[in-house]
Amino acid sequence: MIIRKKEHWFKMLFIWHGSVLPRLLPRLSLLFLLSLAVVYLHGTIFSFKVPLNTTPLTLFGFVLALFLGFRNNASYERFWEGRKLWGALLNITRSLTRQALTLLNPKADEGTVLEFVHLLTAYTYALKHQLRGTDPQDDLKSRLGKQDLEQLAQAQYKYIIITKFLAAWVERAKAANQIDSIQQARFDENIDKLEDVAGGCERIMSTPIPYSYSVLLHRTIYIYCFLLPFGLVDTLGWFTPFIVVFIAYTFVAFEAIADEIEEPFGVETNDLALSSMCEMIEQTNLELAGMPAGQSRKNHSKKQID
Amino acid sequence: MIIRKKEHWFKMLFIWHGSVLPRLLPRLSLLFLLSLAVVYLHGTIFSFKVPLNTTPLTLFGFVLALFLGFRNNASYERFWEGRKLWGALLNITRSLTRQALTLLNPKADEGTVLEFVHLLTAYTYALKHQLRGTDPQDDLKSRLGKQDLEQLAQAQYKYIIITKFLAAWVERAKAANQIDSIQQARFDENIDKLEDVAGGCERIMSTPIPYSYSVLLHRTIYIYCFLLPFGLVDTLGWFTPFIVVFIAYTFVAFEAIADEIEEPFGVETNDLALSSMCEMIEQTNLELAGMPAGQSRKNHSKKQID
Amino acid sequence: MIIRKKEHWFKMLFIWHGSVLPRLLPRLSLLFLLSLAVVYLHGTIFSFKVPLNTTPLTLFGFVLALFLGFRNNASYERFWEGRKLWGALLNITRSLTRQALTLLNPKADEGTVLEFVHLLTAYTYALKHQLRGTDPQDDLKSRLGKQDLEQLAQAQYKYIIITKFLAAWVERAKAANQIDSIQQARFDENIDKLEDVAGGCERIMSTPIPYSYSVLLHRTIYIYCFLLPFGLVDTLGWFTPFIVVFIAYTFVAFEAIADEIEEPFGVETNDLALSSMCEMIEQTNLELAGMPAGQSRKNHSKKQID
Amino acid sequence: MIIRKKEHWFKMLFIWHGSVLPRLLPRLSLLFLLSLAVVYLHGTIFSFKVPLNTTPLTLFGFVLALFLGFRNNASYERFWEGRKLWGALLNITRSLTRQALTLLNPKADEGTVLEFVHLLTAYTYALKHQLRGTDPQDDLKSRLGKQDLEQLAQAQYKYIIITKFLAAWVERAKAANQIDSIQQARFDENIDKLEDVAGGCERIMSTPIPYSYSVLLHRTIYIYCFLLPFGLVDTLGWFTPFIVVFIAYTFVAFEAIADEIEEPFGVETNDLALSSMCEMIEQTNLELAGMPAGQSRKNHSKKQID
Amino acid sequence: MIIRKKEHWFKMLFIWHGSVLPRLLPRLSLLFLLSLAVVYLHGTIFSFKVPLNTTPLTLFGFVLALFLGFRNNASYERFWEGRKLWGALLNITRSLTRQALTLLNPKADEGTVLEFVHLLTAYTYALKHQLRGTDPQDDLKSRLGKQDLEQLAQAQYKYIIITKFLAAWVERAKAANQIDSIQQARFDENIDKLEDVAGGCERIMSTPIPYSYSVLLHRTIYIYCFLLPFGLVDTLGWFTPFIVVFIAYTFVAFEAIADEIEEPFGVETNDLALSSMCEMIEQTNLELAGMPAGQSRKNHSKKQID
């Protein structure tokens, strides 16, 4: 994710980093060359004049804009739902830590609370690694006991097993008569919400926008861009390539961004900063539990976080 | 559902599998031939020139795009709500399994927990088969006891009866003093949510988008496509058929996809992969309960799952 | 509500039943005749040529499409919210029946459970009749005791009184020590949800989309259709009436459907099938309670259910 | 709020009451006169011909329609959220009354229940008067005891103090051992929801749509309408004023309705009928409590209720 | 936030304060000068005539309007969600205060309740200062005890630590047998909701709309405005600059407002009035607790509150 201060309106016109322009340059250059050729040949192909004007392009514009709008909204909703789920994760871990601190009587000792907080952060890291397809071993090792690690070793859904560890922690407090059934229920409700967060993220990851949509929209946009110079050459003349590339840039870039944020858990420019959120969740929970927070990656001077 | 890796933008233009193009080819060919005839006859019918130009087509474009957009959004919401319901199902079963593992005191033995997990997966399979109108017998036989199967034999809403079995399992734990009322209530709340999932799926299945909408939109699109060549022939000449088919492809394909995902529980290309989800739910719950997961259909190398 | 199998794309163009076309024929015929007159008089009124072309119609198209889209979305949301409320009703009754079967200890005898199920279905039928303004007496008589019926006789909000009967049933179980406060609370929460369903349906029924919207949109559409032939006659000539009627059909039909589903609890073609849902709710609850289901109106061969 | 039966499509074109037309007549007349002047002067100002045609108006139409659509959707959502909050209020009061009737053991006597119902209706009326800025004294006097009234006299948020009275009623039942903590919690949850309703209504009332939006949209619409005759006079001639007023009517009326329902708690034509809802809430709760309902304002023959 | 009475429609056209016009004047002046130059040179650059007409601008209009609409909706949703979170904060604090007053037995003395209310308002102020990046010390000092202040001194998420103080207050009441586990659970649920509010606000603050969107839209709008005079000069002549500035004003202002409300917790003209809300929350909770409300900043005669 890119974190930048607001720029002056004029400077913002020339920003390179954070724009999708660099990635699209080859395609747009190709289109520019094509348009040049069309201008040079006055819109003919093998001496046949292509009798296209802008009218059908206008007809087409309606449905293309509509289509692009749909795709974009669906992608953004996925992005924002992913963010909401990780926001909920933050809230739930804080609630659980607070409960571990204030519901038990006699109070749990510091080590026991820390164990609980480590389970919560292990859950968080395990979820992140699952969503990104990376190896969670390093992040888990420092937070979990040896026995727990062994149980997790072969598990496919490690974070779900960790919710069982959390419930077992609560169960032990119940067995030790530090909480009664009602207080156990309060913990249990919040652990249920952890399952909802995990399931929600898995849902977004495993179910893309129906594939036929992407194919259809992709084709429509590129054929449209290919037809543009033929439709514009008669009225715009030598100015055609500039306008074609300008229009194409907007359409293609719009699709490219939508495509990127459709899977919000990746590591592309506009994806969610899961690593930073993991650290932040750990920090705030340690702080709440009254423990020295782990070293924070605070150098947010850099413009992109992942 | 189609699961594909992202393709290069250029290759994606020529994808065949997963596009709705194959299914639409006959209609589009018909339209191509019609357009050829219109070009040949210079837009006359029985020597009467049809004095159509693009102006009314533009007027019409507004409302058609709007209409198509509405239909498409409504369909996609149904698709995504269906997916959310099955996502919730995953979360609820995990929560219930975790509760069966950690709320009882003394703990339930392994066999009893397995029985509970089997009830959950039986529920899942029964729901899938109901939504697809297929026979659940095979999937239920391996998961339920003989007595339960008999009770289900004649039932129309088998999964609802299974929620009763789940509640009865909890009731027995209560009778054996392994849980108290409060812990029973925690189970009960999650079983309530299972009813919500079932009812939500039934709602989507039994109530399509009002039929009059589909008829009106269908007619409007096809009449529009039929009028297109007459409106374009004067300006586009021999290029008319190509443009007509291109525009028609987008409109008709858009409607076809919307029509497909409107009923997300079927087995068409873009429908939800209920079978895979059933397996996944079984796997994760068995894993959570600490049991060897059933054999998984892991050959996801294939491009489509159902 | 119309229940039809998917038709072939070609047949669907000529469907009569389920389309709003029949109801709109008189208006469209009137417009056709007007257009014919305009063509005959070459767009003059009392020898004054009306100097209209399509430009202002295009200007106008934007806002009309937008307006129509708003009205339609608002109507569809009401329709779908109505459906969701009835779907929730199904889920809640199932949950309550399950609770009546599994939470009591010692168990309630069959007659007592049946009484509870009958209260639930009486609630359902009472709500349906209130929403449609019909007489619930027949449906209530067979499901409620004499004393209850007397209490209901004068009541304006019969279903609300029935929620009191449900709560009284639970109260009796509590007094008989079959449940404790916690289990009573589980029942009570679900009865709260029944109030929400009733209130939600009343809200949709009693608060239409603001009247000024309907008047403004209605006027705008009809004046627009009236102006169409004057704007098109110069370019389309004898083809004008066909195009005018085609465009008008789409606009007017769109408004007509939106108008119909705005009040989803009526008995028009596209309204919700409340009667079928009432029967279905009764069936599934009786089945769940292990009782012979009432005779079902299963002849769904007919194309419309109410 | 206007309550009308559906009119015949033809009659509906000439409805006066309930349309915003009367209020807009002066502005539209002004515009008509301006257009006449433009026609008379052939689009010149001080002999300078204003070289405007419809092209820029079309360019502008996109963004204007979009803008108007945004404003309108935001306003309608506020209206509908306001209605939902009052619908929730109905549901919550019914739930609380039912709980007062069935959760206490030994039962509360009739007077005590009536006192509770009066607190609920006093809450409702106090909220209405706050939202409309009117004096609640008359409506409170008949429903509350002298001591309660004194406490309320100086309070700014009277309904919030009343939720305390409700909780105190429950507290007394607890002190008298008629309910235990669990049943008290059920009451308490519903009283929490009353706070949510009050806060939701206050939110809508105190936070309008950002002011800059209203200013920008207002300006854009009126300048657009002012430019219209200059853009249309060359092609439409003497017909210009009619078309200009017709287009302007739609834009201006659309904005006027959106402006009206943005604050749904007022007493304008399209605002919510809070007074009727207050009466209805009182009636249904008294009926539920088995008491003679207060006199109802049943003469709904009149076309507008407030 | 700007609080103004509704103005007469005519006066509203000339409002200066609250419009974004002042801030945009330099850019619009630049564009006006550019347009003048284009008119003077008849659309040539270095004697090359730029052969642009309005057709590509129309093509482009679709996607630009769509894009702007998306950005605007996303921004407004963020603004409104921020407002909803603060509305929820009001509701939750009122609920907690009511619970502190009515759930304890024997009742808490006045000082203890006041301590609880002060914790709630300290939470509110701490959140406001975090969201605005300002120093909370002054507002916390008057509301918290010395010991609490010390604990907060180094904390990064002060409001989260305060939720722990709230839970500790409840814990003490439990230890003193003034409440049982069930009543503690009621408090605990509401404190959970406080975590949700905090997390929701942090989410909006820390995750802007993906940066690539802002860059792309910004560029598109400004290039579009730059091309406008070249496209319009041939048909509009000397009137070009006026129309160009008018169209540009709408586009640019629309983007500027969207940009402003995207981060609703700032202190710009259209941002949320967090300070006023903090005061209001304190007032209503003190009033509810029966204490003299703090001095209120009631001079709402001024037009802007922050």
Exercise. Would the B/Phe246 and A/Phe60 ring centres measure less than 6.0 Å apart?
Worked result: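 Centroid distance B/Phe246-A/Phe60: below 6.0 Å, so yes.
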For this session: Please determine if B/Lys107 and A/Glu171 form a salt bridge, counting it only when a charged side-chain N lies under 4.0 Å from a carboxylate O.
Result: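 Salt bridge flag = yes for A/Glu171 with B/Lys107.
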Minimum heavy-atom separation for [X] to [Y], with atom names?
X        : Y        : answer
A/Lys164 : B/Leu288 : NZ-O, 2.9 Å
B/Glu287 : A/Tyr157 : OE2-N, 3.0 Å
B/Asn270 : A/Pro210 : OD1-CB, 3.8 Å
B/Gln183 : A/Gln184 : NE2-OE1, 2.7 Å
B/Ala253 : A/Leu216 : CB-CD2, 3.6 Å
A/Gly199 : B/Asn91  : CA-OD1, 3.1 Å

Nearest 0.5 Å please: distance from the [atom1] atom of [X] over to the [atom2] atom of [Y].
X        : Y        : atom1 : atom2 : answer
A/Ser206 : B/Met277 : OG    : CE    : 7.0 Å
A/Arg78  : B/Trp80  : CZ    : CH2   : 4.5 Å
B/Ser95  : A/Ile191 : OG    : CD1   : 9.5 Å
B/Thr250 : A/Ile221 : OG1   : CD1   : 11.0 Å
B/Phe242 : A/Ile223 : CZ    : CD1   : 12.5 Å
B/Lys84  : A/Ile204 : NZ    : CD1   : 8.5 Å

Flag the one option from [options] with the top tally of heavy-atom pairs under 4.5 Å to chain B.
options                                : result
A/Thr58, A/Leu66, A/Ile209, A/Leu217   : A/Leu66
A/Glu255, A/Glu189, A/Glu263           : A/Glu189
A/Leu227, A/Ile161, A/Thr207, A/Leu194 : A/Thr207

Exercise. How are the rings of B/Phe254 and A/Phe67 set relative to one another: parallel (under 30°), tilted (30 to 60°) or perpendicular (over 60°)?
Worked result: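 Plane angle under 30°, so parallel.
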Heavy-atom distance under 4.5 Å to chain A: side chain of [X], backbone, both or neither?
X        : result
B/Ile281 : neither
B/Arg94  : both
B/Glu260 : neither
B/Leu90  : side chain

Checking [X] against chain B: side chain, backbone, both or neither under 4.5 Å from a heavy atom?
X        : answer
A/Leu30  : side chain
A/Ile160 : both
A/Glu262 : neither

[Y] and [X] side chains, donor-acceptor separation under 3.5 Å:
X        : Y        : value
A/Thr163 : B/Arg98  : no
A/Arg219 : B/Tyr249 : yes
A/Arg172 : B/Thr102 : no

Is there side-chain contact between [X] and [Y], with at least one heavy-atom pair below 4.5 Å?
X        : Y        : answer
B/Asn190 : A/Asp192 : yes
B/Met280 : A/Glu202 : yes
B/Glu268 : A/Ser212 : no
A/Asp196 : B/Ile92  : no
B/Leu103 : A/Lys174 : no

Give the member of [options] that has the highest number of heavy-atom pairs under 4.5 Å with chain A.
options                               : value
B/Leu96, B/Asn72, B/Asn73, B/Ile243   : B/Asn72
B/Ile182, B/Val20, B/Asp180, B/Leu236 : B/Leu236
B/Leu21, B/Leu272, B/Ile257           : B/Ile257

